[in-house]
Protein chains: 2
Amino acid sequence: MQLTLYTDYGLRLLVYLAALPAGERANIDTVSETFNVSRNHINKVVHHMGRLGWINTRRGKGGGFSLDIDPTELNLADIVTALEPSMLAVDCYEPQCVLLPTCKLKGVLASAMNAFVEELRQYSLADVSNSPAELVRVLGLEEQAFVSPPN
Amino acid sequence: MQLTLYTDYGLRLLVYLAALPAGERANIDTVSETFNVSRNHINKVVHHMGRLGWINTRRGKGGGFSLDIDPTELNLADIVTALEPSMLAVDCYEPQCVLLPTCKLKGVLASAMNAFVEELRQYSLADVSNSPAELVRVLGLEEQAFVSPPN
DNA sequence: TATAACATACATATAAAATGTATGTTATAC
DNA sequence: GTATAACATACATTTTATATGTATGTTATA
């Protein structure tokens, strides 16, 4: 009963981007090195979130990405349900369970998962974000390592 | 974000046993064939639940197992948390996340998982059980296929 | 005493997740 | 206008947890 690392990385990425000063951009290499995680995963998550409209991505020299949505408008339920491959506690259909017609577990498990999601929905990205200074401190970065290279 | 099949099978087993008429016993072969699932999984789950004290098992000819706890006293939270390998939405420690000292996600994810568990806790095994007749009907069993062989 | 049934251990297979490699495309800077 | 930096896209590989299989031990009863 765990989230995938993909979702985990996605959440971390958003927390990172939410602390990025306005106008600044991050890039895949920096993020993957900062978090010590697979460059490829960050690549995929960035792409995914770009398509979701949560971040704007810019290709080419001096490109990168940054949050493109008000962090108070993005709640954790939306994030997790978008990134997780499945939010069904059990799959009654593949293969189909013989108890299906009479089973009362289905509904309870669904309502429990719903409770999980609705608890997440109480919190926005802004609620779990840190100040730029705090993140710089925790990550042990130089202040300037956190901003875009000069154009 | 799914329960393992092991937990799934465990839940089905309990639903089955809860519908078993008092004094009757099931056995591993019958259960695994009835549910079309791996004999080995049922074997393990039966053993596990025997050690948990939820069912009594009896070896030897004419043996088997049956529920050994009042189904109103066993709630779904206890079942799921006992059978699942992990109830942590994310593992912050292996490998340790660089955001750990400042991360506010931890608490929210934990409270969401808590909401999941507490919703399950509202329901006992008795709440999700079926009558023996209903289970016989749904499983397409003969009435006598559901009872222990005569001693 | 044979046999049916759970107990236990371990080996193997499978599938999903995680990661890696490679190349394409695009935008900018020089 | 060309080199380069950066995201886009595809696919291959590795890893791991899960799921399943095989084998044998132990025990209780008929």
Task: Whole-Å distance separating the CG atom of A:Asn36 from the P atom of C:dT19 - done: 12 Å
Open item on the list: Looking only at the side chains, is there a donor atom on one of A:Asn40 and A:Ser38 sitting less than 3.5 Å from an acceptor on the other?
Closed with: no
Task: Check against side-chain contact (heavy atoms from CB on, under 4.5 Å), A:Leu3 and A:Val80 - done: CA-CA 8 Å; A:Leu3 299 173; A:Val80 167; 3.8 Å; yes
Side-chain donor/acceptor pairs under 3.5 Å, residues 94-106 of chain A, sequence neighbours excluded:
from	atom 1	to	atom 2	distance (Å)
A:Thr102	OG1	B:Asn130	ND2	3.0
A:Thr102	OG1	B:Glu134	OE2	2.7
A:Lys104	NZ	B:Ser129	O	2.9
A:Lys106	NZ	A:Leu100	O	2.8
A:Lys106	NZ	A:Cys103	O	3.0

- [ ] Please state whether the phosphate of D:dT18, meaning OP1 or OP2, lies under 4.0 angstrom from any side-chain nitrogen or oxygen of B:Tyr9.
- [x] no
TODO: Apply ring-ring contact (aromatic ring centres under 6.0 Å, His included) to B:Phe35 and list each qualifying residue two or more places apart in sequence or on a separate chain.
DONE: B:Tyr16
Open item on the list: Reading 5' to 3' and counting Watson-Crick or G-U wobble pairs with both distances under 3.5 Å, write the dot-bracket notation for DNA chain D, | for bases paired outside the strand.
Closed with: ||||||||||||||||||||||||||||||
TODO: Sorted by first residue and then second, give each salt bridge (Lys or Arg N to Asp or Glu O under 4.0 Å) pair with at least one member in residues 30-47 of chain B; sequence neighbours left out.
DONE: B:Asp29-B:Arg39
- [ ] Residues of residues 78-97 of chain B with any non-hydrogen atom less than 4.0 angstrom from an atom of DNA chain C: list those, numerically ordered, please.
- [x] none
Task: Protein-nucleotide distance (A:Leu5, atom CG; C:dG20, atom P), rounded to Å - done: 12 Å
TODO: With sequence neighbours excluded, give me every salt bridge (Lys or Arg N to Asp or Glu O under 4.0 Å) pair touching residues 73-82 of chain B.
DONE: B:Asp78-B:Arg121
Open item on the list: Any side-chain to backbone donor/acceptor pair from A:Thr34 onto A:Thr30? Under 3.5 Å, distance only.
Closed with: yes
- [ ] Rounded off to whole Å, could you give me the CE-to-P distance for the A:Met1 and D:dT18 pair?
- [x] 13 Å
TODO: Rounded off to whole Å, could you give me the OH-to-P distance for the B:Tyr6 and C:dA15 pair?
DONE: 22 Å
Open item on the list: Using whole Å, what does the distance between atom P of nucleotide C:dC6 and atom CG of B:Asp68 come to?
Closed with: 15 Å
Task: Main-chain N/O of A:Gly62 paired to A:Arg25 side chain as donor or acceptor, under 3.5 Å - done: yes
Task: Listed once per pair and sorted, the salt bridge (Lys or Arg N to Asp or Glu O under 4.0 Å) pairs that draw on residues 48-57 of chain B, sequence neighbours left out - done: none
TODO: Return no unless some side-chain N or O of A:Arg51 is found under 4.0 Å from OP1 or OP2 of D:dT9.
DONE: yes
- [ ] Please answer whether the main-chain N or O of A:Ala77 pairs with a side-chain N or O of A:Thr81 as donor and acceptor at a distance below 3.5 Å.
- [x] yes
Task: side-chain contact (heavy atoms from CB on, under 4.5 Å) partners of B:Thr4, counting only residues at least two apart - done: B:Tyr6, B:Thr7, B:Glu84, B:Pro85
Task: d(CG, A:Leu52; C1', D:dA8) in whole Å - done: 15 Å
TODO: Assess the side chains of A:Asn114 and A:Ser111: does a donor N or O sit below 3.5 Å from an acceptor N or O?
DONE: no
TODO: Within residues 38-50 of chain B, find the residues that approach DNA chain C with a heavy atom at under 4.0 Å, and present them sorted by residue number.
DONE: B:Asn40, B:Asn43, B:His47
- [ ] Using heavy atoms to find the nearest nucleotide of DNA chain C for B:Asp29 and A:Leu3 separately, return the residue whose nucleotide is more 5′.
- [x] B:Asp29
Distances under 3.5 Å only, N/O to N/O: pair up the protein atoms with those of nucleotides 23-27 of chain C.
from	atom 1	to	atom 2	distance (Å)
C:dG24	N2	A:Arg59	NH1	3.3
C:dT26	O4'	A:Arg59	NE	3.3
C:dA27	O4'	A:Arg59	O	3.4

Task: Distance in angstrom units between A:Phe65 CZ and D:dA8 P, rounded - done: 9 Å
Open item on the list: For a quick test of reading the model: is some side-chain N or O of A:Thr57 closer than 4.0 Å to OP1 or OP2 of D:dA8?
Closed with: yes
TODO: Report the hydrophobic cluster partners of B:Val138, with the cluster defined as I, L, V, M, F, W, Y residues connected by side-chain heavy atoms closer than 4.5 angstrom, directly or transitively.
DONE: none
Open item on the list: Please enumerate all residues that pass ring-ring contact (aromatic ring centres under 6.0 Å, His included) together with B:Tyr9, with sequence neighbours excluded.
Closed with: B:His41
Task: Interatomic distance, B:Arg25 CZ vs C:dA5 P [rounded to whole Å] - done: 10 Å
